[in-house]
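Here's the structure, in structure tokens; my notes come after.
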Amino acid sequence: MTAAQTTEAPRAGWTDKAVYAAGAVVWRLVEGKLKILLIHRTKYRDVTLPKGKVDPGEMLAETAVREVHEETGIRVSLGVPVGVSRYVMTSRKQKVVHYWAAEATEDAIRESTFLPNREIAALEWVSVKQARARLSYPVDLEIIDFFSNLVDDGVLQTFPVVVLRHAKALPRSEWDGPDAGRPLTERGKKQAKSIVGPLQAFGIRKIVTSDAVRCVSTVRPLAKALGRKVVETARISQDAWENGDDDLRAVIGHRVRSLKPAVVCSHGPVLPGLLSEIALATGTIQGSYLSSAADLEPAAFSVVHLSATNPGSGIIAIETHIPKV
């Protein structure tokens, strides 16, 4: 497994002085040859990777997708994280930029409305070797090196299985009905809305959830935004897990076999089992990293990246995202 984990929690020590940004190594295959996208910036007269600063209220993943589209006109879904660059700006603040690999489909390229403008003078598709010669900054070269490792390992084409903990729910002590009927709090409702953009950034196509009210309510805003139905199942519910009649293996096995980007929403106590089943389904050696990925706050989620060409080759990377609400 690639040692790549991303969290929305700022790191201690330079939080108040850091400027956060996100971007992507956008790639495509042209007649079987790998090409990546560079941007030529007008103001700075440099060549770099598409990226930009986080807008208020945004999470990093949605920033990356938005900035790629704004700068290149190309809509992408995020793949594997490919590193974080850190450097000091002229203002003496530290800038921290998170990057993902992101495939540009032929449809997305055809639909691009890019024209040279005051910010971006030109776009250029080049080989990895050419990119190393053209890029203006050493920090970008480090990202390209990480990206190249994925290419060399044959794991560039991936799909995500996202494990999501439901948003903040009313405590049991304040609820008289059955546990499965507990609703979201007002904060929980805000959290459910806040994670729609970040989850969309990973190209989610399937939504599977525990049939508990708090889980269904968590994914409902996402389903509405995507125009997709929610698959509700008791097999990953907390009641089933506590009673010993859950079937996490069947649910996860189906998701891995489908090769489609999916989100699976469940409960805190169930999450370790879901992550463990993903590891088992892909032949991945288990370790403490799974416990970390399962230790989620309400509405937080871990994105498990799997190979789209050989999912049995193991987990490629896991990254964790924490809502700001």
Side-chain angles (χ1 to χ4, degrees), residues 4 6 8 19-30 34-44 46-85 95-128 131 134-137 139-144 146-148 150-151 156-160 195-205 225-226 261 303 305 317 319 321:
T6 300
E8 293 295 335
V19 174
Y20 290 90
V25 179
V26 181
W27 63 275
R28 64 190 288 203
L29 293 176
V30 180
L34 180 67
K35 302 290 183 180
I36 62 177
L37 185 61
L38 305 182
I39 61 171
H40 294 247
R41 295 195 298 181
T42 306
K43 178 180 178 180
Y44 299 102
D46 59 8
V47 180
T48 185
L49 301 169
K51 66 180 184 298
K53 290 187 290 187
V54 175
D55 279 349
E58 272 188 335
M59 291 170 68
L60 289 167
E62 57 187 322
T63 299
V65 170
R66 175 183 58 77
E67 284 291 342
V68 167
H69 182 249
E70 289 181 359
E71 294 190 339
T72 72
I74 300 172
R75 295 189 183 278
V76 298
S77 296
L78 302 181
V80 178
V82 291
V84 181
S85 68
K95 190 166 187 178
V96 182
V97 190
H98 291 251
Y99 287 95
W100 285 262
E103 181 180 8
T105 65
E106 292 305 313
D107 286 344
I109 293 170
R110 280 194 295 269
E111 293 169 2
S112 172
T113 56
F114 172 82
L115 289 173
N117 53 70
R118 292 181 180 180
E119 183 179 359
I120 309 299
L123 305 180
E124 185 179 18
W125 289 99
V126 300
S127 68
V128 172
R134 283 171 167 71
L135 286 167
S136 300
Y137 306 107
V139 289
D140 286 346
L141 295 177
E142 294 174 3
I143 300 301
I144 293 299
F146 198 112
F147 176 85
S148 296
L150 295 175
V151 177
L156 186 56
Q157 293 180 309
T158 61
F159 71 97
I195 59 176
V196 170
L199 288 170
Q200 284 182 301
F202 292 98
I204 298 302
R205 294 172 56 189
L226 295 177
V303 184
H305 296 274
E319 51 179 310
H321 297 261

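Since the structure is predicted, the reported quantities are computational estimates derived from the model, not experimental observations.
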**Prompt:** Please walk me through it: do Leu34 and Leu156 pass side-chain contact (heavy atoms from CB on, under 4.5 Å)?
**Reply:** CA-CA 11 Å; Leu34 180 67; Leu156 186 56; 3.9 Å; yes

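- Between Leu49 and Leu135 the shortest heavy-atom distance is N-CD2, 4.2 Å.
- Residues Thr48 and Ile39 are in side-chain contact: their nearest non-hydrogen atoms beyond the backbone lie under 4.5 Å apart.
- Considering only heavy atoms from C-beta on, Pro116 stays 4.5 Å or farther from His40 through its side chain.
- Asp46 approaches Arg41 most closely through the heavy-atom pair OD2-NH2, 2.6 Å.
- Of all heavy-atom pairs between Arg134 and Val47, the closest is O-CB, 3.5 Å.
- To the nearest 0.5 angstrom, Phe146 atom CZ is 14.0 Å from Tyr99 atom OH.
- Of the residues Ile74, Leu123, Ile109, the one that meets the side-chain contact (heavy atoms from CB on, under 4.5 Å) test with Phe114 is Leu123.
- Between atom CZ of residue Phe202 and atom OG1 of residue Thr158 there is a gap of 10.0 Å, rounded to the nearest 0.5 Å.
- At distances below 3.5 Å, at least one donor-acceptor pair connects side-chain atoms of Ser112 with backbone N or O atoms of Thr72.
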**Request:** Please report the C-alpha distance between Arg28 and Glu106 in whole Å, then the side-chain angles of each, then the deciding distance to 0.1 Å, and finally whether the salt bridge (Lys or Arg N to Asp or Glu O under 4.0 Å) criterion is met.
**Result:** CA-CA 8 Å; Arg28 64 190 288 203; Glu106 292 305 313; 3.4 Å; yes

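- Val139 and Ser85 get closest at one heavy-atom pair: CB-CB, 3.9 Å.
- For residues 108-117, the set of pairs meeting the salt bridge (charged side-chain N to carboxylate O under 4.0 Å, His left out) definition, not counting sequence neighbours, comprises Asp107-Arg110.
- Using a 4.5 Å heavy-atom threshold, the side chains of Val303 and Leu78 count as separate.
- Rounding to the nearest 0.5 angstrom, the gap separating the CG atom in Leu38 from the CD atom in Glu124 is 6.0 Å.
- In this structure, Ser127 and Lys35 approach most closely via the heavy-atom pair N-CD, 4.0 Å.
- Once rounded to the nearest 0.5 Å, the distance linking CD of Glu319 with NE2 of His98 reads 10.0 Å.
- Expressed to the nearest 0.5 Å, how far CD of Glu119 lies from OH of Tyr44 amounts to 8.5 Å.
- For the pair Tyr137 and Ile143, the minimum side-chain heavy-atom distance is 4.5 Å or more.
- When every heavy atom of Ala131 is checked against every heavy atom of Ile36, the shortest pair comes out as CB-CD1, 3.4 Å.
- Looking only at side-chain heavy atoms (C-beta outward), Leu150 and Trp27 stay at 4.5 Å or farther from each other.
- Arg205 is linked by a salt bridge (charged side-chain N to carboxylate O under 4.0 Å, His left out) to nothing, counting only residues two or more places apart in sequence or in another chain.
- For the atom pair CD of Glu71 and CZ of Arg66, the computed distance is 9.5 Å after rounding to the nearest 0.5 Å.
- Taking the side chain as every heavy atom from C-beta outward, His69 and Arg75 approach each other to under 4.5 Å.
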